Amino acid sequence: MPSRNCRYFGALTYSVVITNNKLEDSQVTDLVDLIYSHIQSLINDGDVLGNNFVIQKLFSNLLLLYSKYLAAYPNPVLSFAQLLTKLSEQMPTLLRMLLPVQLELLLIFFTTLVEDSFRSNVNSAAMHRSIFEDLIPRLIELFQYLTLLRSQGHLLHDLTLHSLKCLSAWMSYIANVNAEIRYEPQHIRILKLYTFLFFEKNLNAENDEYLDEVQLCLHILGEVFETNPNLFTLDEKQAILGLLFDHASWGHSFLMEILLTDSRFEHEDLVNAFVDLALYVLQHNMIRLSKTILEPASQSILQIAMAMTDLDGASFENDQVSERMLEFWEEFINVYIDSGEVFETLFELRDDAEFKRSFEYQRSQILQQVCRIYWKKIHIPAFGVFTTVKAEFNSYRRTVADFFLVAYSFLKADLYKLLCEALLANLKEADQGNRCLEDVEATLFLLYNINDDAVYFESQANALLPFSSVIMHSSMIQQFRSLKLDDPSNKLPLSTFIQYLSSNVFYFETNEGSQYLGSVLDVIFLIIVSNDSSLSLLASKTATRICEKCSRHLIQFLPNLEVIILEMLKNYEIDGLIRLRMFNAYTVVARTCTDEVQFAEALYGMLSQVKDTAASLLRSIESSCSQVQEDYLTSLLSCVVGVAKGSSLTDDITEVMSEERSQFYRDYWHRDPMEIKSVVLSIIELFMTEAPAISDLPIIVEKCTLIVKAGFGEEFGGPFEFGQNTVIDLVQNMMSKLRNPNAVPHVFSLIECFVGVEYRTLDRSQVELLSTLVFAKNIDFLKSDPDLLKGAIDVFSKIIECKPSLIILSSFFNSTILPCAVDGVQSNEQFIIKSISKFWNNLLNLKKGSREDQDIVQGLLIDLAWGQLLTNSLVVTFLKAPRSNLDHYYSIFRSLLGKYPVKFKQWLVVIVLLLEISESIGMKERDLFINQLVLTRGRRAANDVLKAFWLKCNHLVEYNNQNF
Amino acid sequence: MENRAYCRQARTDTYSNTSRNTLYIVISQYQPLILLNFRPLQSANPFFLVDMSAPAYYELYRRSAVGSALADALDSLISDEKIQPQLAMRVLNNFDRIVAESLKAERSMCKSKISFKGDLHTYRFCDDVWTFIIKNVSIKMTDMSNNDVNDSDIVVDKFKIVACNSRKSGEP
C-alpha cells in the first residue's frame with residue numbers, strides 16, 4: 001500500500017496541474033472523475049480518519065476545479081453525494097441513504113469547500129451566485145436532515161461536532177459576503193434554528209460533550225451577531241436576548257452553574273464564547289437598554305452584566321470576563337455622553353420631573369456601582385502574588401483607568417468626589433493605625449490618571465482644585481513619608497504617590513497649593529536619594545516638573561536646592577539622569593528670579609563647581625579612564641546641558657517681559673559681567689582639548705554640541721548665546737581635532753542647526769570659511785565613511801533650504817559638493833539616498849531662492865551639464881535600486897520634471913535610449929516611458945509611471961493592491 | 001480650549017520614532033514610522049456588510065521595515081528565477097495575515113500603550129480607514145511589559161494616525 005505521504009503529494013500534484021493549466025471541459029470532467037475515484041479508494045481502505053488529510057487535499061482540488069470551471073463542474077456537493085451513494089437521486093433522498101461515516105465526509109467536504117474559498121480569497125461574482133443558487137440549497141437540505149436526526153435523538157456526538165464546525169464555517173462566509181448576492185434572514189432560517197436546538201433542553205454542566213456542542217453554537221451566534229446582526233430577524237434577536245438574560249432561561253442556568261462558579265476555570269473557551277455573545281447582544285441593545293434603566297427587564301439585564309463584571313469578588317487574577325465587560329460599560333457611558341439629545345427628548349416627552357430625577361439617580365447608582373467593582377479589582381494583590389503577575393496587573397489596571405476616564409467625562413465631579421471621600425476615609429483609618437495602604441493606593445492611582453487627563457483643560461483643572469486642597473490637607477504626605485523605602489512591597493504605592501503628586505502640579509501652581517511645596521519636595525528628595533533607582537528616577541522627573549511649573553513659588557528654596565544639587569554633583573552614586581534633571585530644575589527656578597545678578601550667581605555657582613570637579617578628575621586621568629570615570633565625566637557635561645536648557649527663556653516669559661526688562665536682560669548678558677560664557681566655553685575646551693582620553697568620544701562631542709545648540713535662537717540673548725564667530729571658531733576647533741568618524745556627525749548636526757537659526761545674518765564669507773575649514777580640508781576623511789558624507793550633504797542641504805546664495809556661488813560647491821551629490825545618488829544605503837534626495841530636491845526647487853539664485857542653479861545644471869550627469873546617475877541607479885528604495889528617487893524625478901521639463905526630457909532621452917537593460921524593453925517602450933513620464937509634469941502620477949517602468953525592466957510585479 | 005482632540009487608547013503595534021517635530025503613525029505617503037492597528041474610536045454601524053472583492057487583510061504592514069525587507073528579498077528570488085511572482089504574492093498575503101493576527105490585542109503580545117492629546121487638525125473616514133492629523137501633541141508611552149513605573153513622554157508638532165478596523169472583513 002502506498003504511503004499516505006506519497007498519496008498526499010499525489011493530491012498536491014493535482015493542485016499544481018489545476019492551478020497552472022487551462023483545462024478543457026472534458027478534461028475537467030475526467031479529472032473530477034479521477035479525483036472521485038481516488039476519494040472512493042481512500043474511503044474503501046477503511047481508515048477514513050487516517051486518510052483524512054489526503055482526502056481533504058483532494059476536496060481542495062475539487063474546490064479549485066469548481067471555482068475555475070463553474071460551467072463544467074457546477075454542483076460539486078450533489079455529485080459528491082451521488083458518488084458516495086452511487087445513486088443519481090436528489091439531495092434529500094441521497095442524504096437518507098448515507099452511512100454516518102459518509103455523512104461525516106459530506107460535512108467535511110462542505111466545510112473544506114467554504115474554508116478554502118475564504119482562504120484563497122475567491123471573489124468572482126459568478127462563484128458567489130453559484131454558491132447561493134447551487135450550494136446553499138443543498139446545505140439547507142443537509143441541515144434539515146440533521147435537524148430531523150437530532151430531534152429523533154439519532155445524531156451522534158462526533159457528527160454533531162462536524163455539523164457545527166461546518167455550520168460555523170458557512171455562517172462566517174454568509175455573514176461576510178457582500179457581492180451581488182445578499183443573504184436575508186429567511187435564507188438561512190433553518191441554519192439558525194439548528195443552533196437554537198441546542199438550547200432547548202436544560203443546561204447540563206456535567207456533560208462535557210454537550211458543553212462542547214453548546215460552545216460551538218455560542219460561537220456561531222456570536223460571530224453572526226458581531227459581523228452582520230441583520231441576518232437575525234427581530235424575533236430571533238429577542239429570542240437570543242431572552243435565552244441569555246431572562247430569569248430561569250438557559251443563560252441564567254449557565255450563569256449560576258458555570259460562570260459564577262469555579263467551573264468557569266475548567267471551561268474557559270465556553271465561557272469566552274458565552275461572554276462574547278452576551279457582549280454582542282448587549283452592545284446591540286445598548287441604546288434601548290440605556291433608555292429603559294428604570295424598567296425591571298432592563299434592570300435585570302444590567303444586574304446580570306454587573307454580576308459578570310464582579311466575578312471573583314475583588315480579585316483581578318484569572319478574571320478575563322471583567323476586563324471584557326469594560327467594553328460594554330464604556331459603551332454604556334458613551335451612549336449617555338454622545339446621545340445627550342436623545343435623553344433630553346425622552347425627558348421632554350415624559351414631562352415628568354420625578355421620572356427624570358429617578359432616571360438620573362438610577363443611572364448614577366449603576367455607574368457608581370460599576371466604578372466600585374473595578375476600584376476593588378485594581379487593589380495591589382499580596383506582594384508574593386504581585387511579583388508573579390506584575391505585567392498582567394499593570395495592563396489590567398491601565399485598562400480600568402481608561403474606563404474611569406470615560407466615567408469621569410460623564411460623572412465629572414460626582415465621581416471625583418466619591419474617590420476623594422474614599423481616600424480621606426482610608427487615610428483617616430490609617431491615622432488610627434489600621435492598614436489600608438492598598439485602598440489608598442488604588443484611589444490615588446485613579447485620581448492621578450484622571451488628573452493627568454482632565455487638567456489638560458483649564459476649566460477641568462479649576463473644578464478639581466477644591467478636591468486637591470482637601471487631599472493635600474489630609475495626612476497623605478505623612479503617611480507615605482512613614483513608609484520604608486527599602487521595603488519592595490512599598491514600591492508600587494510610592495510610585496503611585498509620586499505620580500499623583502506630579503499630576504497635582506496644577507494645584508501646587510496656585511498660591512494656596514504652593515504652601516505644600518516644601519513638604520512635597522522634602523518627601524520627593526527623600527525618595528530621590530533612596531537606593532531604588534526606578535523610584536529615584538520617577539521622583540526626579542516629578543521634582544523637575546514641579547520646579548518647572550511652580551518656579552515662582554520656589555525661589556525661596558534656592559539655597560536649599562543649591563545644597564542638594566552640589567551634594568549630587570559630588571556623589572558618584574547618583575544616576576546621571578537624576579543629576580542632570582536636578583541641575584535643570586535648579587536652573588529653571590533660578591531663571592525665574594527677576595534679578596539677573598542673582599541668576600548669574602546661581603549659574604556661576606553651578607558651572608564653576610562642574611568645571612573644578614571635571615578639571616580635578618581629568619588631571620588625575622592619564623592615558624585612559626575607567627568606565628565609572630567616563631560615565632561621571634559625561635554626566636558632568638550633561639549637567640551643563642541641563643543648565644543650558646533650563647536657562648533659555650520660554651515663550652511664556654518673553655511674552656510678558658516689558659521692553660525695559662528685556663533690554664536690561666539683553667544688555668546684561670551682552671556684558672556678561674560674571675563671565676558665565678567664558679566659564680561655559682572653558683568647560684567645552686576642557687573636555688574637547690585637554691582630555692585626550694575622552695575628547696574623541698561621540699557622547700562627549702554630542703554633549704558639547706548640545707550646550708552650544710541650547711543658546712541658538714534666544715530672542716534676548718542669554719548666558720549660552722555665544723555669537724556667530726565664536727560658534728564658527730568652536731566648530732573649526734572641534735573638526736581640526738576630531739578623528740573619530742562616529743563623533744563628527746554631531747558637529748555637522750551643530751552646523752546644520754546653526755545655519756537653520758542664523759542664516760538671515762550669516763554672510764557668504766562665513767559660510768565659505770566654514771566650508772573650507774570644515775569640509776574642504778577634510779574631504780578625504782569625509783569620503784572615507786558614508787555617515788560623514790551623509791552629515792556633510794545634510795549641512796549643505798540645509799544651507800540651500802534656508803539661503804541658497806550662501807553656498808551656490810562658491811567654487812567649492814561646483815568642484816566638490818555637486819560631484820559628491822551626484823555620486824551619492826548611486827549609494828546603496830537608504831539613509832544616504834534619503835539625504836541625497838533631500839539635497840537635490842532643495843537645490844532643484846530652491847524654495848527660498850531669489851531670481852538670481854534660480855539663474856545660477858540653472859546655469860549649473862544646464863551650462864555646466866550637472867543636469868545630464870544627475871539624470872544619467874539617477875536613471876541607472878533607479879532601475880537597479882531595490883523596491884524599498886524607490887520612493888526616495890521619485891521626488892528627484894518629479895522635481896526635475898517640474899522645474900526643467902524640456903531639458904529633462906532631452907537628458908532622459910540620452911540616457912534611456914542608451915540604457916543596457918533587458919532586451920524585452922525595446923526602443924518603442926522606452927519612448928513610451930519617456931513620453932508618459934513627461935506628460936505627468938512632475939505630478940504624483942509620475943510615481944506610477946516610474947514604478948511601472950522599474951517593474952518592467954526588472955521583470956517583477958506590483959504586490960500591493962491598497963494605498964494608504 | 002476643550003475642542004481639543006483626544007484619543008485615549010491605542011495599541012502601538014511595532015515601533016515608534018520621531019522625525020524632527022512630526023510623529024507619523026502608520027503609513028504616511030512619505031514616511032512609515034509607527035504602525036497602528038486599533039478599533040475605531042467609536043464603533044461603526046454594527047451592520048456593516050463586507051466587500052468580498054477586497055483582500056482579507058490590510059496591506060499596511062508591508063511598508064514597515066520588515067515588510068519592505070521581505071518584498072526586497074522576494075524580488076531577489078524572482079530575479080534569480082528561484083520563485084514565481086505568484087508565490088511572492090502568496091507570501092506577502094500570508095505576511096499581512098500573520099502580522100495582523102500576531103498584533104491583535106487579545107494575543108497579548110503587544111503590551112505597550114500610548115495616549116495622546118492635541119489639537120485635531122484633520123479627520124476623515126474613507127474606505128473603512130480613519131485618518132487623523134493632530135497638531136501640538138503630547139504623547140505618553142507606557143510599556144507595560146517591563147513593569148517600569150517610568151513612562152516616557154514626548155511632544156511633537158504634528159501627529160498622523162491611520163487606523164484600520166482590527167476586525168477586517170473576511171477575517172475568519
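These figures come from a predicted structure and were not determined experimentally. All chains are named by letter (A, B, ...) in the order of the sequence lines, taking the proteins before the strands, and each is independently numbered beginning at 1.
Between B/M89 and A/Y959, the shortest heavy-atom contact is SD-CD2, 3.7 Å.
Considering only heavy atoms from C-beta on, B/K117 comes within 4.5 Å of A/D453 through its side chain. A/N20 is not listed as a side-chain neighbour of B/Q84, based on a closest heavy-atom distance of 4.5 Å or more.
Atom CD1 of B/I78 sits about 10.5 Å away from atom CG of A/N954, to the nearest 0.5 Å. B/L74 CG to A/L956 CG: the interatomic distance, rounded to the nearest 0.5 Å, is 10.0 Å.
Heavy-atom distances place no part of A/Q830 under 4.5 Å from chain B, backbone and side chain included. If you measure heavy-atom distances from B/D75 to chain A, the contacts under 4.5 Å come from both the backbone and the side chain.
Checked for salt-bridge contact, A/R545 and B/D153 miss the test: no charged N lies under 4.0 Å from a carboxylate O.
For A/F831, the CZ atom counts as densely surrounded, since its 6.0 Å shell holds more than 12 non-hydrogen atoms of other residues, nucleotides or ligands. More than 12 heavy atoms of other residues, nucleotides or ligands lie within 6.0 Å of CD in A/E184, so this atom counts as buried by the packing criterion.
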task = Start with the C-alpha gap between A/D452 and B/K140, add the side-chain angles, then the distance that decides, and say whether side chain to side chain contact (heavy atoms under 4.5 Å, CB included) holds.
result = CA-CA 10 Å; A/D452 265 352; B/K140 188 170 179 179; 3.0 Å; yes
